[in-house]
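Scroll down for the structure; my scribbles are underneath it.
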Amino acid sequence: MSEVFEGYERQYCELSANLSRKCNSASLLPSGEEKRAKLSEINSGLDDCDNLVRKMDLEARSLQPSVKAMLLAKLREYKSDLNKLKKEFKRAMSGNPNQVNHDELLEAGLADTHAVSANQRDRLSMSVERLDQSGDRIKESRRTVLETEEIGISILEDLHQQRQTLLHAHDKLHGVDDAIDKSKKVLASMSRRITRNKWIAGSLIAALVLAIILIISFKVFHH
């Protein structure tokens with residue numbers, strides 16, 4: 001609870017009890033200077049009570065909703081107590097009970113009207129607070145959606161770049177496959193040529209050997 005509110009509350013309770021005793025004593029006094037002085041003192045005290053109630057009201061409405069609701073409920077009791085003090089003050093002032101009863105009836109009607117208005121203000125204030133909280137939640141949700149959307153766009157861009165990289169690598173692999181196929185064909189052609197050249201060289205060597213044998217044999221038989 002607010003220490004400021006508690007300070008005002010203590011002052012009000014002390015002043016209220018004191019004023020109630022003064023009203024009782026003033027009502028027993030006969031009309032005269034002493035009674036007028038007492039009534040003037042009570043009237044000044046009632047003004048102080050009004051100021052304290054207003055201060056408590058302002059302090060309560062500046063606090064968090066959970067604390068504010070409890071303090072406003074207590075404040076309604078103090079306002080009711082203050083109205084009773086004012087009635088006691090009027091009884092002490094007036095010597096006509098009928099007039100006092102008439103005034104009390106009017107004040108009761110006005111008090112009911114003020115109570116309804118106060119309740120309506122409290123409900124309106126709570127509704128405004130709920131709307132503000134809902135607005136904050138909507139803003140937070142919208143900010144989260146925007147952040148999620150930005151992350152999604154970033155991921156899509158990364159995926160697109162990766163796809164382009166994969167396509168480029170795939171094209172390079174096709175080029176490598178083509179180069180390998182061409183190399184295989186060249187190597188096969190070279191292998192065939194080498195094999196053919198080996199046969200030709202072997203044939204030439206065999207022919208030379210045969211020719212040498214024939215020449216040697218011819219020389220031997222004709223010597």
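Computed from a prediction, not measured in an experiment: that's the story for all the values here. Side chains are part of it too, since the values below use all heavy atoms of this structure and drop only hydrogens, waters and symmetry mates.
Screening Asp50, Asp47, Asp81 for a salt bridge (Lys or Arg N to Asp or Glu O under 4.0 Å) involving Lys86 leaves a single residue, Asp50.
In Gln164, the CD atom is crowded: over 12 heavy atoms of neighbouring residues, nucleotides or ligands sit closer than 6.0 Å.
Scored by the side chain to side chain donor-acceptor pair (under 3.5 Å) test, Asn51 finds Arg54 as partners (sequence neighbours excluded). For the side-chain contact (heavy atoms from CB on, under 4.5 Å) test, residues two or more places apart in sequence or in another chain that qualify with Ala26 are Lys38, Leu39, Ile42, Ala92. Partners of Tyr78 under the ring pair (Phe, Tyr, Trp, His ring centres under 6.0 Å) rule, at least two apart in sequence or in another chain, are Tyr12. With sequence neighbours excluded, the residues satisfying side chain to side chain donor-acceptor pair (under 3.5 Å) with Lys22 are Glu41.
Counting heavy atoms from C-beta outward, Arg10 and Cys13 have side chains that stay 4.5 Å or more apart.
Val186 belongs to a hydrophobic cluster whose remaining members, ordered by chain and number, are Met190; membership requires side-chain heavy atoms of ILVMFWY residues under 4.5 Å apart, directly or through intermediates. Cluster partners of Val209, by chain and number: Ile205, Ile213. The rule joins Ile, Leu, Val, Met, Phe, Trp and Tyr whenever side-chain heavy atoms lie under 4.5 Å apart.
In this structure, Ser203 contributes its side chain and Trp199 its backbone to a donor-acceptor pair below 3.5 Å.
Once rounded to the nearest 0.5 Å, the distance linking CG of Asp57 with NZ of Lys68 reads 10.0 Å.
Contact check on Glu77 versus Lys74 returns no salt bridge, with no Lys/Arg side-chain nitrogen under 4.0 Å from an Asp/Glu carboxylate oxygen.
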